[in-house]
Each structure stands twice: as C-alpha cells, then as structure tokens.
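Some notes on the structure that comes next.
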Amino acid sequence: MKKDYSTVWGNCLSVIRDNVSAANYETWFTPIKPIKLENNILTIQVPSSFYYEWLEEHYIDILRKAIKWELGSEGRLEYNIIVDSGSPEAKSINLPPSNKKEVINPSIYMPIDINRGQSEDMPNPFIIPGLKKIKINSQLVESYSFENFIEGSCNRLARSAGYAVANQPGKTAFNPLFIYSNVGLGKTHLMHAIGLRVKSQFPEKTVLYVTAEQFVQQFVDSVKSGSTNDFQHFYQMIDVLLVDDIQTIAGKEKTQDIFFHIFNHLHQNGKQLVITSDKPPVDLTGFEQRLLSRFKWGLSADLQVPDYETKVAILKKRIYNDGIEFPEEVIDYMAYSINSNIRELEGALISIIAQASLNKKDITLALAKQMIDKYVKVTTREITIEYIQKVVCDNFGLTPDIINSNSRRREIVQSRQLVMYLAKKYTKLSLATIGQACGNKDHATVLHACKAVNNLIETDKLFKSQVEKIDKKLKI
Ligand code: ADP
Ligand code: MG
C-alpha cells in the first residue's frame with residue numbers, strides 16, 4: 001500500500017511527540033508542513049533556514065528514528081525552506097540532494113545550498129540531510145594569518161587571546177573578544193588570523209568576517225525587502241562571527257537592536273564573537289548601554305604602536321616573503337623613523353621597492369629617506385634620539401646599553417656625548433629629556449656634553465670627520 005506524505009509525517013510526529021517536551025514540540029514541530037513523498041523521500045517545509053539548522057542540530061536523532069520507523073532504512077528526509085516569510089505568497093526552494101558545496105556570498109544571507117554530507121561509502125544509508133554545515137564565503141584573506149602576524153609587546157595580550165579563541169572558539173572566557181586600537185595597528189589582520197585558524201582547525205564550523213558597515217548595509221537591504229527574519233537567522237547560524245570596526249554602527253539604533261539579539265543568541269549558544277573598534281568599550285559613544293555592557297563581558301585587549309624590534313621583524317617578514325634584497329640600514333632607518341602605524345610602514349616599504357624596481361635603482365638609505373618624506377606623514381619622519389643612538393652605535397661598534405651606561409671609558413663617554421649633542425641639534429627634546437634617554441643623566445650633563453663635543457670638533461680632526469660622517473647619514 002502506498003503511503004501518503006501527510007500520514008507518514010503524522011506518524012513521525014507521534015514518535016517525536018513522545019520524545020520531546022511539549023513546549024519544544026510546539027515550537028519546532030507544529031510549524032512544519034509535509035509537502036510530498038517521492039521515491040521514499042519525505043519532503044517537509046520549514047519556516048526558515050534557522051529552523052532547519054536547529055532541527056538538524058537538536059533533533060537529528062529522533063528525526064532519523066522516526067523516518068526509519070516509517071519508511072525503512074532507505075527512507076530520506078528533505079527540507080524545503082521558505083525563503084521570504086514576509087511576502088504573502090511564500091516561495092520555497094528545494095534543497096538539492098547533491099553533495100555539491102557551493103559558496104554563498106554572505107550578502108545573500110539566505111543559504112540556498114547545503115552540503116548534504118552524503119557519501120557513497122557511508123555504511124549507514126540513513127542519511128537525513130546530514131548536512132552539518134552550510135557553506136558560506138567567510139570573506140577571509142589568506143595572507144592575514146597568525147603566521148604572518150608578528151608578535152611583540154605591543155600586541156601580546158590581544159594576540160594570545162586571539163590565538164586561544166581560535167583554538168577553542170566559544171569555550172574561553174574571552175567571549176566576546178573585543179580588540180581595539182588606532183588605525184593601521186593590526187586589528188583586521190588579527191581578526192582574519194583568528195578566522196583562518198578556526199577554519200583550519202574546525203572545518204565544520206561556520207566562520208564569517210564582516211565589517212560593521214557591511215552588516216548595516218545588509219540589514220538596511222533586508223528591511224527594504226521585508227526579510228529581516230532571514231537576515232537575523234542567517235547571522236544566528238554562524239559559529240564564529242567576526243565584526244570589524246563596530247564603531248561604524250554608532251548612532252544606528254535599529255542596527256544595534258538587531259545586533260544585540262544576534263549577539264545574545266550566539267553568546268547563549270556558545271558561539272564565538274570577535275569585535276574590533278577604534279576605541280575601548282568605555283569610550284564608545286552613540287551605543288546602547290545594554291550593548292556596551294555586553295562588549296565588556298569577555299576580554300578587551302588593545303594593540304599599541306609597535307616598538308622598534310617589532311617593526312624590524314614586520315619589515316623583515318614582508319621583505320622575506322617578497323624575496324627582495326634589502327640593506328639592513330634601510331630597514332633600521334624605516335623602523336626608527338616611522339612611528340605612526342604599521343600600515344604606513346608597509347606603505348613606505350612598498351613605495352621604496354616600487355621606486356627601486358621601476359627606476360632600476362638600488363635600494364639605498366637616500367632613496368628610503370626620499371620615499372618616506374614623500375609618502376609618510378611629515379610629522380612621522382623626524383630624526384629620533386633612538387635613531388641617533390643607533391647610528392652612533394653602528395659607527396663606533398657599540399651598543400645603546402654600553403653608551404647609556406655610566407662607563408668612564410673615553411670612547412664610550414665621547415660617543416654618549418655625541419648622541420647628546422646630535423639630539424640637541426636634531427630633535428626638539430629638552431636637555432632633561434635627552435639626559436634621561438641617555439641613561440638617566442641630568443640636564444647639566446647634557447649641556448656639558450654639547451660643549452665638549454664642540455671643543456673636540458675644533459681640536460680633533462679624526463673626531464671631526466667621524467661627526468661629519470654621522471651627520472651626513474642623519475641628514476640625507
Ligand atoms: P587596523 O585594522 O588596525 O587598521 P590592519 O589589520 O589593517 O590594521 O593592519 C595594517 C597593516 O599592517 C596590514 O597590512 C597588516 O598585515 C599589517 N600588520 C599589522 N599588525 C601586524 C603584525 N603584528 N605583524 C605583521 N603585520 C602586521
Ligand atoms: Mg581594520
């Protein structure tokens with residue numbers, strides 16, 4: 001006797017009813033409509049992809065049992081999802097039974113294809129849309145990996161928290177992980193690194209990187225097309241949600257509202273959130289209090305301007321990746337003179353490389369200085385006392401530690417005095433500050449040093465020529 005779909009589903013429901021609570025039955029099973037039974041495949045219609053996801057995640061076993069009971073071990077279940085619940089004539093799509101994985105652009109937030117997880121050699125023929133995951137385009141940039149993210153004291157906390165989160169998304173206390181800093185210091189890079197690592201460690205997890213601006217745009221579009229439910233459900237299906245530059249939703253109440261609900265849903269379900277911002281939560285304005293308080297639930301970590309060593313390491317990594325020969329002194333100079341952010345450091349590097357290769361010039365200190373003057377904000381190209389120390393040290397084969405010590409050895413004293421003299425000449429620092437930077441000396445010592453160097457220049461030809469050489473190097 002041929003069974004009809006409503007009888008089959010009716011029988012399934014009676015099995016299910018005995019196995020789930022009344023409230024859950026009401027919420028998750030009564031809205032389902034059976035729509036056809038063909039080739040032992042029962043198709044049921046669910047109100048949204050979220051339902052479908054939820055059923056798969058929480059009721060797969062009982063569904064499997066019920067279908068087996070009714071249709072035998074060859075039986076299958078297929079879902080039909082109502083795409084636009086807002087419009088009167090709800091349109092449905094069939095989930096193709098193929099194995100095909102399709103990448104869905106997140107701007108089309110309605111998943112239309114699932115990985116059914118079927119495979120020929122699976123011993124169990126009983127494959128209710130095994131699906132596990134909907135494949136979406138995570139929008140991650142491959143090169144923004146942990147591997148390419150240089151660690152330094154400027155980013156240690158944020159980096160290690162990010163790494164921990166990537167290894168155990170949703171399971172650490174860092175949820176949300178809130179990363180903040182000024183521009184160009186690595187927020188976006190670190191966020192992508194987290195996403196990439198999650199994907200490689202947990203391929204079954206759904207990761208999505210989205211800028212807050214994109215989020216706003218998608219939300220506005222969904223309002224226009226009456227599909228905000230789908231918008232919300234789509235986001236609630238994500239396992240690791242990375243929202244970049246959250247400050248751009250300041251003052252946007254409706255967006256904040258929906259983000260609040262998405263946030264709660266994900267957080268309650270142990271999903272991971274990573275948020276970046278140009279300010280710490282306490283300094284954000286134009287945000288609902290309830291949202292700000294949630295930002296503070298996990299860990300807030302900032303990224304600082306990198307120190308000299310980190311800048312050198314970043315430059316070297318880039319140069320190494322690009323396979324280019326680069327003189328050390330140019331790297332040093334760049335690391336000393338660019339103090340704004342890493343993006344400018346990289347911008348200068350790219351322009352130097354471009355200039356050198358376009359004009360077939362060698363990469364020299366002079367070229368670097370010229371490029372930095374041109375491309376980096378003028379204020380950042382200042383001769384710093386650290387750079388002066390570096391050049392003096394290189395010239396005499398000493399280290400800053402030795403120069404700044406209290407040693408009375410003549411060449412060390414003279415080098416230290418020379419640093420003070422050049423710092424007075426090239427920086428706007430006060431005598432006291434110069435003294436402090438040279439191993440906690442007082443302003444009188446600096447004044448004395450300047451006089452001593454002037455005297456030496458007049459009396460000692462060799463010393464004079466050394467000073468001229470260093471001076472030239474600083475000034476090019
Ligand atoms: P933000 O999002 O804070 O404005 P980005 O993540 O866009 O900054 O970083 C700017 C540039 O600096 C990117 O090209 C990025 O790869 C690079 N960068 C930032 N931090 C690091 C780091 N620690 N190691 C290597 N590169 C970095
Ligand atoms: Mg960014």
Side-chain angles (χ1 to χ4, degrees), residues 138-166 176-198 207-217 240-250 273-281 283-284 295 299-324 326 331 334-335 337-354 371-372 375-377 380:
S138 297
Q139 303 206 102
L140 295 170
V141 177
E142 290 298 319
S143 61
Y144 282 173
S145 57
F146 271 112
E147 151 101 326
N148 287 336
F149 191 82
I150 304 290
E151 183 174 354
S153 52
C154 54
N155 61 33
R156 190 153 289 130
L157 174 67
R159 188 199 165 279
S160 45
Y163 197 74
V165 158
L177 175 60
F178 192 97
I179 305 166
Y180 63 93
S181 78
N182 287 335
V183 290
L185 294 177
K187 297 182 293 296
T188 300
H189 186 145
L190 184 55
M191 191 173 233
H192 280 260
I194 295 169
L196 290 169
R197 186 159 172 91
V198 170
V207 178
L208 179 67
Y209 166 87
V210 66
T211 62
E213 237 170 345
Q214 272 177 320
F215 184 87
V216 173
Q217 195 51 51
V240 178
L241 180 61
L242 313 165
V243 184
D244 206 359
D245 291 322
I246 197 76
Q247 74 276 3
T248 56
I249 68 166
L273 290 123
V274 182
I275 298 169
T276 70
S277 163
D278 64 352
K279 290 183 201 74
D283 294 341
L284 280 173
F295 291 166
L299 176 79
S300 299
D302 68 337
L303 297 171
Q304 301 273 348
V305 175
D307 48 53
Y308 166 77
E309 283 80 18
T310 311
K311 284 187 274 186
V312 168
I314 290 172
L315 286 170
K316 286 196 170 161
K317 177 99 190 167
R318 289 295 293 252
I319 292 162
Y320 178 82
N321 283 352
D322 291 350
I324 294 164
F326 223 86
I331 296 178
M334 292 176 71
S337 56
I338 301 175
N339 297 314
S340 47
N341 64 53
I342 301 170
R343 195 170 295 148
E344 289 209 335
L345 195 65
E346 288 184 336
L349 181 68
I350 293 165
S351 44
I352 291 167
I353 294 172
M371 285 298 112
I372 290 173
Y375 293 102
V376 176
K377 275 192 232 114
T380 64

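Read the numbers this way: they start at 1 and go in the same order the structure lists the ligands and their atoms. Along the sequence shown, residues carry numbers from 1.
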- Message: Check whether Ser138 reaches the backbone of Val207 with its side chain - one donor and one acceptor, N or O, closer than 3.5 Å.
- Response: yes
- Task: Ignoring hydrogens and angles, state whether a donor on the side chain of Asp302 or Ser181 is under 3.5 Å from an acceptor on the partner side chain.
- Result: no
- Item | Asn155: numbered ligand 1 atoms lying under 4.0 Å from its heavy atoms | 23 (N)
- Considering heavy atoms of the protein only, find what lies nearest to atom 7 (O) of ligand 1 and give residue, atom and distance to 0.1 Å. Arg343 NH2, 2.8 Å
- Note on the structure: Candidates Glu151, His189, His192, Arg318; heavy atom nearest atom 16 (O) of ligand 1 found on His189
- Taking non-hydrogen atoms only, is Ile314 closer than 4.0 angstrom to ligand 1 via side chain, backbone, both or neither? side chain
- Query: Less than 4.5 Å apart, any side-chain heavy atom of Phe146 and any of Arg159?
  - Reply: yes
- Message: Treating Lys311 as the side-chain partner and Ile342 as the backbone partner, does any N or O pair qualify as donor plus acceptor under 3.5 Å?
- Response: no
- Task: Examine the side chains of Ser143 and Asn148 and answer whether a donor and an acceptor come within less than 3.5 Å of each other.
- Result: no
- Side chains of Thr211 and Asp245: closer than 4.5 Å at any heavy-atom pair? no
- Task: State the atoms of ligand 1, each with its element, that fall below the 4.0 Å cut-off from a heavy-atom position in Val183.
- Result: 4 (O)
- Nearest-contact summary for atom 4 (O) of ligand 1 - protein heavy atom, Å: Gly184 N, 2.7 Å
- Atoms in ligand 1 flagged as close to Tyr144, the criterion being non-hydrogen separation under 4.0 Å: 13 (C), 14 (O), 16 (O)
- Query: Under 4.5 Å between any side-chain heavy atoms of Ser340 and Leu345, yes or no?
  - Reply: no
- Query: Is the Tyr144 ring parallel, tilted or perpendicular to the His192 ring (thresholds 30°, 60°)?
  - Reply: perpendicular
- Item | Option from Lys317, Glu309, Arg318 for which side chain to side chain contact (heavy atoms under 4.5 Å, CB included) with Ile150 holds | Lys317
- Number the atoms of ligand 1 from 1 as they appear, then name those within less than 4.0 Å of a heavy atom of Phe149, with their elements. 20 (N), 21 (C), 22 (C), 23 (N), 24 (N)
- Of the protein's non-hydrogen atoms, which lies at the shortest distance from atom 19 (C) of ligand 1, and what is that distance? Gly186 CA, 3.3 Å
- Kindly indicate whether the side chain of Thr188, heavy atoms from C-beta on, has any atom under 4.5 Å from the side chain of Tyr209. yes
- Flag Met191 as yes if one of its N/O/S atoms falls below 2.8 Å of the Mg ion (ligand 2), otherwise no. no
- Note on the structure: Nearest non-hydrogen protein atom to atom 2 (O) of ligand 1, with distance, is Thr188 OG1, 2.8 Å
- Query: Under 3.5 Å, N or O to N or O, is Ile150 touching ligand 1 that way?
  - Reply: yes
- Using heavy atoms and a threshold below 4.0 Å, how should the contact between Asn148 and ligand 1 be classified: side chain, backbone, both, or neither? backbone
- Message: Side chain or backbone, does Ile342 bring an N or O within less than 3.5 Å of an N or O on ligand 1?
- Response: no
- Item | Closest approach of any protein heavy atom to atom 14 (O) of ligand 1, naming residue and atom | Glu346 OE1, 2.5 Å
